[in-house]
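Contents: one structure, followed by commentary.
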Amino acid sequence: MPRFQRPTGTLDILPEEQSYWEHVRAHAIRLARRAGFERIDVPVFEATDLFARGIGAATDVVEKEMYTFNDKGGNSLTLRPEFTAGVVRAYIEHGMHVRPQPVKLYSIGPVFRYDRPQAGRYRQFHQLNLEILGTQDPAADLEIMLLVWDLYAGLGFRGLSFQLNSTGCPRCRPAYVELLKSYYHRHVDQICDDCRRRLETNPLRVLDCKAAQCQPVIEAAPPIGDHLCDECADHFAQLREYLDLLGKPYTLNHRLVRGLDYYTKTVFEVWAAGIGAQAAVCGGGRYDGLAEILGGPSTPAVGVAAGLERIILGMKAQEVGVPPLPPPPVFLAHLGPEARQEAARLADGLRRAGIGAWLAFGERGLKSQLREANKRGASYVVLIGEDELAQGVAAVRDMRTGEQTEVGLAELVGWLQERTGR
RNA sequence: GUGGGUGUGGCCUAAUGGUUAAGGCACCUGGUUGUGGCCCAGGAGAUUGUGGGUUCGAGUCCCACCACUCACCCCA
């Protein structure tokens, strides 16, 4: 048992996992850039209050999942549990409202939530985050949804399900919440203990309950869609019209509510199978009030966060392949002190010419070096011994066929460039 | 925070409560003076998660803790 282990809920992403990560990251960034999103990197930690006010003091994330600490200056800081609050803070702080609106930003990196780990859930995990700030056009909501659509489809996911709802705005939601509460109070004897608690802390969440006894109550509950104000209803109708126009299948889910306080109007999730109990591979929506809450100019905005670990788990469950990260094609083996020097020189020369090269270390027998070359997956072994050195050549062994040819040291780089396609 | 499952070399697994904890994979060396994969031989690598307890004797039984894992809450 090692003396030190990784902290609970964290993951070491080992070399053999990296092909997934490279592929997913590269694909995500390609899609974001082609839709005009620019990258922004915000700090991994921010003032605690930014998250408390942005996400909502009564949410689970803020109440029990934040990594909060005091720095030596006595400031309360928190490892970001999501990107949006920090990105909106940066938007305000750098006066980005004077740029051509809207501003489209993407971020990718680790986020942190103190939670009990389970399949698809970690204390440090990674998100791709997309935000469109400065427009309330439903076309922006559409664009965000289309982008994650292409993200999953382009990676090869099948059987995805897009869940869509509108949860209204500060003008219409409070009245609906009251309606829902009074409806639930009339059925309080039929619902589960959790829902009785939710009714007080976060009433909308009762719609999301999975307890069997609550299902009939949820079925008969008043749907929020019937109680949106004109603006919200119109916005939602336009978004659905776009989606229908583009032939994108989605499920209207009036039970879809989301755990963060800042959402207004549009909320959506993408569900995928194969990640244990976790269905959502991404979640997002519109947050027209957040910038003002954080002390900035009123800025309507919409965004989404996609969990990279869940994407990769889903890909593995669906056996979606990724291109391998090839090892250096050339392995340099050597025999004798002078040959070793020449090999070191050649390794440098090959790499400068753009050819991946692995130099054998130590003074070992040729058999041992060839075994190593084989295990490292080299395509060619460049072998230099005293004999070759005396003739100014290297023996180049094709590891696939076993054929061996002598190549002049001066021509070696060009010879290998031709064969390794550089 | 709650509940279930699981902890034996890097990985997978074996060991009626009874010698020195066994095997496979992987790793290293050798089977050629300078030639990989297959094969053969050898080597290194474990105070059996930690700490207590029961017992003449514990990897094995009991307790606690820790970790991993799955699920709940909630979320990506």
Side-chain angles (χ1 to χ4, degrees), chain A residues 1-11 14 16 55 58-66 80-84 108-129 148 151 192-195 197-198 201-202 205 208-211 256-260 269-272 275-284 303-314 331 333-336 339 360 362 364-389 395-404:
Chain A
M1 48 296 10
R3 199 137 113 84
F4 292 107
Q5 295 180 55
R6 62 190 193 274
T8 294
T10 61
L11 234 40
L14 300 177
E16 47 270 36
I55 298 168
T59 58
D60 273 24
V61 169
V62 171
E63 265 184 356
K64 51 183 207 190
E65 294 176 7
M66 295 209 301
R80 62 186 180 205
E82 56 130 34
F83 275 100
T84 303
I108 192 162
V111 295
F112 306 84
R113 291 185 199 172
Y114 187 89
D115 206 349
R116 291 293 296 267
Q118 68 187 77
R121 195 169 65 199
Y122 307 98
R123 288 185 177 177
Q124 173 175 331
F125 60 105
H126 296 78
Q127 288 188 333
L128 166 72
N129 193 259
V148 288
L151 174 64
C192 70
D193 292 346
D194 280 337
C195 279
R197 185 176 47 75
R198 287 191 187 101
T201 56
N202 200 339
R205 297 224 64 93
D208 196 33
C209 184
K210 287 141 209 141
L256 180 68
V257 292
R258 298 187 42 77
L260 313 182
E269 289 183 355
V270 178
W271 293 353
I275 318 175
Q278 322 302 328
V281 284
C282 76
V304 66
L308 301 190
E309 281 81 359
R310 288 188 185 177
I311 290 178
I312 290 168
L313 282 170
F331 185 95
H334 47 77
L335 291 163
R364 294 142 59 209
L366 185 56
K367 183 193 197 89
S368 165
Q369 295 186 62
L370 277 169
R371 268 187 189 155
E372 182 182 355
N374 183 242
K375 277 182 285 211
R376 295 200 187 281
S379 304
Y380 295 92
V381 170
V382 170
L383 163 60
I384 303 173
E386 302 300 337
D387 299 349
E388 286 78 9
L389 211 52
V396 183
R397 184 178 181 83
D398 182 325
M399 291 297 276
R400 198 171 51 78
T401 62
E403 281 169 34
Q404 203 159 301

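Each chain gets a letter, A, B and so on, in the order its sequence line appears, and its residues count up from 1.
Residue R197(A) is the one, among R197(A) and A280(A), whose nearest nucleotide of RNA chain B lies closer to the 5' end (criterion: closest heavy atom). Nearest-nucleotide positions on RNA chain B for Y122(A) and T8(A) put T8(A) closer to the 5' end.
Not a single donor-acceptor pair under 3.5 Å links the side chain of H126(A) to the backbone N or O of V111(A). Between the side chain of R310(A) and the backbone N or O of A280(A), at least one donor-acceptor pair lies under 3.5 Å.
The interatomic distance linking Q5(A) (CD) with C68(B) (C1') rounds to 8 Å, in whole Å. Following rounding to the nearest Å, D115(A) (CG) and C70(B) (P) show an atom-to-atom distance of 13 Å. Regarding R198(A), its CZ atom lies at a distance of 12 Å from the P atom of C72(B), rounded to whole Å. In this entry the distance linking CG of L370(A) with P of G30(B) reads 13 Å, nearest Å. The separation between Q118(A) atom CD and C70(B) atom C1' is 7 Å, rounded to whole Å. One atom, CZ of R310(A), and another, P of C74(B), lie 14 Å apart when rounded to the nearest Å. A straight line from CH2 of W271(A) to C1' of A76(B) spans 14 Å, rounded to a whole angstrom. A straight line from CZ of R123(A) to C1' of U69(B) spans 13 Å, rounded to a whole angstrom.
As rounded to the nearest Å, U48(B) and U20(B) have P atoms that lie 14 Å from one another. Using atom C1' as the reference point in both G9(B) and G49(B), the two lie 14 Å apart (nearest Å). Across G51(B) and U60(B), the matching P atoms stand 13 Å from one another, rounded to whole Å. Between U47(B) and C65(B), the distance separating the two P atoms is 25 Å to the nearest Å. If you take atom C1' in A15(B) and the same atom in G59(B), they sit 8 Å apart, rounded to whole Å. Comparing C56(B) with G17(B), their C1' atoms sit 12 Å apart, to the nearest whole Å. Rounded to the nearest Å, the gap between the C1' atom of G1(B) and that of A58(B) is 35 Å. Taking atom P on both A64(B) and U6(B), the two are 15 Å apart, rounded to the nearest angstrom.
Backbone-only contact: D194(A) has heavy atoms under 4.0 Å from sugar-phosphate atoms and none from a base. Using a 4.0 Å heavy-atom criterion, one finds that E82(A) contacts no nucleic acid atom at all. Contacts of K64(A) with the nucleic acid, taken as non-hydrogen atoms under 4.0 Å apart, include base atoms. When heavy atoms are screened at a 4.0 angstrom cut-off, I311(A) is found touching no nucleic acid atom at all. Heavy atoms of R205(A) sit under 4.0 angstrom from primed sugar atoms or phosphate atoms, though from no base atom. Residue contacts shown for E388(A) include a base, since a base heavy atom lies under 4.0 Å away. Among the atoms of the strands shown, base atoms are found under 4.0 Å from some heavy atom of E386(A). Across all strands shown, Q278(A) has heavy atoms under 4.0 Å from base atoms, whether or not it also approaches the sugar-phosphate. Residue contacts shown for A277(A) are limited to sugar-phosphate atoms, with no base heavy atom under 4.0 Å away.
Considering only the side chain of D60(A), C73(B) comes nearest among A76(B), G34(B), C73(B). Listed nucleotides: A71(B), A76(B), A67(B). Nearest to the side chain of R116(A): A71(B). For R6(A), whose side chain is taken as the heavy atoms from C-beta onward, the closest listed nucleotide among A67(B), C73(B), C68(B) is C68(B). Distance from the side chain of F125(A) is smallest for A76(B) among the nucleotides A76(B), C27(B), U35(B).
With the 3.5 Å cutoff on both pairing distances, Watson-Crick and G-U pairs in RNA chain B assemble into runs of at least 3 at B:1-7 with B:66-72, B:10-13 with B:22-25, B:27-31 with B:39-43, B:49-53 with B:61-65.
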Report the C-alpha separation of L128(A) and L308(A) in whole Å, then their side-chain angles, then the decisive distance to 0.1 Å, and conclude whether the side chain to side chain contact (heavy atoms under 4.5 Å, CB included) test is met. CA-CA 7 Å; L128(A) 166 72; L308(A) 301 190; 4.1 Å; yes
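One finds the CD1 atom of I275(A) at 11.0 Å from the CD atom of E309(A) (value rounded to the nearest 0.5 Å). In this structure, OG1 in T84(A) is found 11.0 Å from CZ in R80(A), a value given to the nearest 0.5 Å.
No hydrogens or angles were tested; on distance alone, nothing pairs the side chain of E63(A) with the base of G1(B) as donor and acceptor under 3.5 Å. In terms of polar N and O atoms assigned as donor or acceptor, the side chain of Q404(A) comes within less than 3.5 Å of the base of U35(B) in a complementary pairing.
Counted within 6.0 Å of CD on E16(A), heavy atoms from surrounding residues, nucleotides or ligands total more than 12; the atom is thus considered enclosed.
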Under 3.5 Å, which N/O atoms of the protein pair with N/O atoms of nucleotides 37-46 of chain B?
from: G37(B); atom 1: O4'; to: N374(A); atom 2: OD1; distance (Å): 3.2

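Side chain to side chain, Q369(A) and R364(A) fail the donor-acceptor criterion of an N or O pair below 3.5 Å.
Smallest separation of non-hydrogen atoms from F83(A) and P110(A): CZ-O, 4.5 Å. When all heavy atoms are compared, the tightest approach of E386(A) to L335(A) is OE2-O, 3.6 Å.
The side chain to side chain donor-acceptor pair (under 3.5 Å) search around R371(A) returns none, not counting sequence neighbours.
Residues D398(A) and S379(A) are not in side-chain contact: their nearest non-hydrogen atoms beyond the backbone lie 4.5 Å or more apart.
In this structure, S368(A) reaches the U29(B) phosphate: one of its side-chain N or O atoms is under 4.0 Å from OP1 or OP2.
Annotation: cation-pi pair R123(A)/Y114(A) present, NZ/CZ under 6.0 Å from the ring centroid and within 45° of its normal.
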